[in-house]
Structure formats: C-alpha cells, structure tokens
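Both counts, for ligands and for their atoms, begin at 1 and track the order of listing. Both backbone and side-chain heavy atoms feed into the values below; hydrogens, waters and symmetry mates do not.
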Amino acid sequence: MKYYSTNHQTPDVTLQEAVVKGLAADKGLFMPERINTLPTSFFEQMSQMSLQEVAYQVAQAFFGEDIPADKLKQIVYDTMNFNIPLVKVSDNIYSLELFHGPTLAFKDVGARFMARMLGYFVSGQDKLVNVLVATSGDTGSAVANGFLGVEGIHVYVLYPKGKVSLIQEKQFTTLGKNVTALEVDGTFDDCQRLVKSAFMDDELNAHMQLTSANSINVARFLPQAFYYFWAVAQLQDANIVCCVPSGNFGNITAGLFGKRMGLPISRFIAANNRNDIFYQYLQTGQYSPRPSIATIANAMDVGDPSNFARVLALYDNSHAAICQEISGATYTDAEIAEEIRRVYETSGYLLDPHGACGHRALREGLRPGETGFFIETAHPAKFKDTVENIIGKPVSIPQRLQDFMKGTKQSINMTSQFADFKTYLLAE
Ligand SMILES: *Cc1c(COP(=O)(O)O)cnc(C)c1O
C-alpha cells in the first residue's frame with residue numbers, strides 16, 4: 001500500500017517510509033491511498049471474536065500487504081493485551097473504557113503498536129533509531145512505556161520542569177533502559193521547539209537517525225480504529241452514535257476510517273472543551289486555529305488540531321460532507337465539572353474530565369432510537385486532584401498507577417537552548 005501526503009507536493013511512500021519518517025517531506029500528513037472495506041462475513045462474526053482477533057482483521061486491511069501475516073499478528077496481539085470493556089452508564093449510553101492499559105489512557109494502544117511496528121522495520125538495521133517526543137504529560141508516558149525494551153530504538157522524552165503532575169513524571173522518569181527523560185527548564189512549547197529544531201538540524205541528522213512518535217504517525221493513529229470495531233462488536237445495536245472527546249483529532253479520525261471500512265456507526269460527535277476550533281469550523285465552514293487555553297480536560301487543549309488535514313482529506317475538503325457525518329459539542333470547565341458530579345451522583349459512574357465531555361455530548365445530542373458510546377480516554381485517577389475537588393470524595397488510585405510512584409526518578413536537566421540540547425545529543 002502506498003501512502004500519499006495531504007499536501008500532495010511529494011511522491012507517495014511505502015508504509016515503512018511513512019512510519020520511519022512520521023511527517024511527509026512537504027510537511028503534510030501521510031494517508032493510505034486506499035481504505036479497504038471488510039467483508040460482510042466479518043461483521044456477522046465480529047461479536048463472537050476476541051478483541052485481539054477483531055484487531056488483527058482490521059490490521060490486515062491496513063497493513064496486510066506490507067507486513068507478513070505472522071509478524072503482524074504478533075504486533076497486534078502484543079499491543080492489545082489488555083481489556084477494553086464497554087460499560088453501560090445509563091439506558092442508552094455506554095462508556096468504552098480505554099484506560100486499562102499500562103499508562104491508563106487510550107494513547108497506550110497507538111504508542112504500543114507504533115513501537116512494535118517501528119521495531120519490526122528497524123530490525124536487522126545496525127543503526128539505532130532515536131525517537132524524540134515532547135510531552136505535556138500523557139503522550140510521554142504512553143510513548144515511553146510503549147517503547148520500553150524495544151530493541152534498536154532509544155527514546156528521549158522532553159518535558160517541562162515542574163509543569164507535569166508527579167504521577168505523570170514518574171511514568172516516564174522511572175523506566176531506565178532505552179528511555180531517557182530530559183527535564184527542560186522551560187514550557188511545553190520550548191520542549192516542542194527543541195524537538196522540531198532537532199529534526200531540521202543537518203548535523204544532528206547526519207550524526208543520528210531521528211524520528212518522532214506523535215499522533216501524526218500513521219502507525220500511531222490507524223491502530224486506534226481497532227477499538228471502534230470492538231465497541232460495535234460488543235454493542236450490536238441498530239443505530240449507533242459514537243462520541244469522541246477530541247484534541248488533535250487522531251482518535252476520531254481512526255473512527256472515521258472504521259466507518260469507511262464498513263463499520264455500522266451512523267454518525268460521530270466530536271466533543272471539545274473550550275478549545276473548540278473544530279466546533280466553530282462545523283458552524284461556519286471556516287477553520288481558524290488560535291492559541292490554546294488551559295482547561296481541566298487538558299489533553300484536549302489544542303488550538304490547531306494536527307489531524308484536521310486528515311479529516312479534510314477523507315471528505316474531499318467538503319464541509320457539507322463532514323457535517324453530514326460529524327457534529328460537534330463544546331463545554332466550559334464548569335459544564336465538565338457539572339457532568340462529572342451529575343453522572344457520579346445519578347449512576348455511580350466516575351468520569352474523567354475528557355470522558356465527561358463525551359458523555360455530556362451524548363446525553364444532550366442523542367435522538368430517539370439511537371444508542372451512543374463515548375470513548376473514556378483516561379482513568380479518572382490520572383486527574384485525581386481535579387476529580388476529587390469536583391465530587392468531594394477521595395479517588396482511589398489503581399495499583400498500576402501506584403506502582404509507578406515507587407520507582408526512583410532519573411532525569412537529565414536541560415536548558416531550553418537548542419545549542420545545549422544539540423551538544424547533548426551529539427555526545428550520545
Ligand atoms: C490525547 C488525549 C485526548 C485527545 O485525543 P486526540 O486524538 O488528540 O483527539 C483526549 N483525552 C485524553 C485523556 C488524551 O490523553
């Protein structure tokens with residue numbers, strides 16, 4: 001399968017190139033040239049299959065031409081080795097709990113898959129591949145844990161000193177092995193700038209092979225389609241609506257791919273916090289990125305969603321076509337908090353601030369006869385202080401998260417000057 005760039009200014013590439021490079025040479029995002037549909041027989045049998053079996057069939061449709069079946073199966077089965085239950089919250093609303101993986105957020109799926117696929121592509125190559133990732137918290141932990149112990153790859157996580165929560169910091173500073181944490185004296189934007197400058201620096205690129213592991217990588221976003229199929233396999237309802245709490249729009253784009261492959265989801269809702277650039281686009285047809293503002297659903301604080309280009313490409317730039325399949329919702333912090341409190345009090349189900357946007361959008365947006373599921377993107381304990389303040393009760397921390405707290409922090413101090421970062425990498 002060939003992959004084209006959404007900017008159309010560069011030749012098509014192979015899957016291997018798309019995964020190793022991440023971003024196209026013309027700065028566009030890679031898209032597969034075709035989206036294969038799955039046979040009717042698969043949809044009929046889906047509800048009798050395991051999560052790993054469902055995921056493998058979907059992976060075959062994407063990657064079957066490019067990776068031998070036994071290898072692909074191993075990558076999928078290794079990635080999807082935790083539960084993704086669909087939990088009933090109320091009569092017609094279900095939560096697809098994507099927080100049962102190692103770092104308790106949905107990013108575990110894409111990060112683990114990408115680590116294994118990149119590991120496969122670089123195996124047998126004697127040059128080490130270096131993954132640089134800037135994080136404001138969640139991405140770093142999922143990527144670091146996903147790549148931990150993968151041969152031939154070293155990961156550098158850059159994070160802003162004093163600006164991530166203790167539990168987040170522990171998730172990527174205590175691992176050791178092939179993961180190095182760099183504690184940058186600056187902001188998240190400084191971290192991102194250092195990473196971008198490194199990718200553009202000829203001397204560094206001649207010295208070491210660099211790649212990125214953010215959600216623009218096809219190996220991170222496409223596998224997220226797996227769990228949309230799994231949700232429908234469990235739900236088996238006639239009129240399904242899916243709501244996705246969205247930031248960079250990688251997650252919802254994977255769901256839209258699922259629909260193209262034949263998955264019976266009648267429509268999607270993209271739930272935003274106050275960073276509602278996509279919501280405004282749906283209303284006006286104008287895409288106007290703007291600086292992000294901080295909210296309690298901070299993983300969705302994105303002012304220029306990087307996967308918007310993929311949504312446009314999927315619908316041939318047609319605003320009308322996009323509006324036919326996707327609607328939007330936007331919520332303030334007060335509305336998010338109110339939803340967490342309300343759902344906890346009426347059903348006992350504890351939402352995290354991101355999932356709360358998803359739940360509220362379904363509660364307000366479902367029409368008669370529709371059944372909805374939303375993606376519960378992270379465990380509420382990851383936002384312990386926020387959630388405790390809202391419900392006025394302690395939130396217990398799952399054992400997996402507590403285990404990270406026991407580790408010893410190991411990090412390297414870094415200034416926000418590119419010259420210092422470069423000197424450090426050149427000495428590696
Ligand atoms: C990353 C993230 C999101 C946003 O997902 P996108 O794919 O960027 O739209 C939502 N919730 C949580 C908890 C996240 O970590």
Side-chain angles (χ1 to χ4, degrees), residues 29 95-114 133-146 164-165 167-168 171-172 188 213-228 242-258 268-279 281 289 292 295-311 326 328-331 336 340 350-361 374-384 386-387 401:
L29 304 193
S95 168
L96 186 68
E97 293 186 347
L98 270 147
F99 56 68
H100 297 275
T103 72
L104 293 88
F106 82 90
K107 290 190 175 70
D108 281 329
V109 173
R112 289 166 65 80
F113 189 91
M114 182 188 161
V133 59
T135 186
S136 55
D138 265 9
T139 303
S141 51
V143 168
N145 282 274
V164 303
S165 73
I167 183 76
Q168 285 177 326
Q171 287 181 306
F172 49 77
F188 168 66
N214 57 24
S215 70
I216 52 147
N217 198 299
V218 292
R220 246 195 81 186
F221 102 90
L222 283 175
Q224 293 173 353
F226 300 165
Y227 48 74
Y228 290 87
C242 172
C243 179
V244 189
S246 295
N248 267 320
F249 280 70
N251 202 3
I252 196 170
T253 303
L256 298 171
F257 268 73
F268 284 81
I269 305 175
N272 283 154
N273 59 25
R274 287 193 51 218
N275 297 282
D276 58 0
I277 289 82
F278 185 76
Y279 177 82
Y281 165 77
S292 65
T295 75
I296 57 171
N298 59 15
M300 291 160 34
D301 295 349
V302 178
D304 186 6
S306 53
N307 285 285
F308 182 68
R310 285 194 168 116
V311 177
I326 317 170
T330 170
Y331 298 113
I336 296 169
I340 292 175
L350 187 58
L351 294 161
D352 95 292
H354 307 81
C357 296
H359 185 278
R360 186 158 183 150
F374 65 97
I375 311 281
E376 181 39 303
T377 50
H379 194 287
K382 291 198 90 169
F383 307 92
K384 191 175 189 296
T386 303
V387 176
L401 210 47

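- With sequence neighbours excluded, no residue satisfies side chain to side chain donor-acceptor pair (under 3.5 Å) with Asn217.
- Looking at Lys382 and Asp138, a side-chain N of the basic residue comes within less than 4.0 Å of a carboxylate O on the acidic one, giving a salt bridge.
- Legend: residues meeting side chain to side chain donor-acceptor pair (under 3.5 Å) with Arg310, ordered by chain and number and at least two apart, are Asn307.
- The side-chain contact (heavy atoms from CB on, under 4.5 Å) check on Glu97 picks up Pro85, Val87, Ser95, Phe99, His100, Tyr349, with sequence neighbours excluded.
- The distance between the ring centers of Tyr281 and Phe308 falls below 6.0 angstrom.
- Atom SG in Cys243 sits 8.5 Å away from atom CD1 in Ile375 (nearest 0.5 Å).
- Each of Phe106, Lys107, Asp138, Pro245, Ser246, Gly247, Asn248, Phe249, Gly250, Asn251, Ala299, Met300, His354, Thr377, Ala378 has a non-hydrogen atom positioned under 4.0 Å from some atom of ligand 1.
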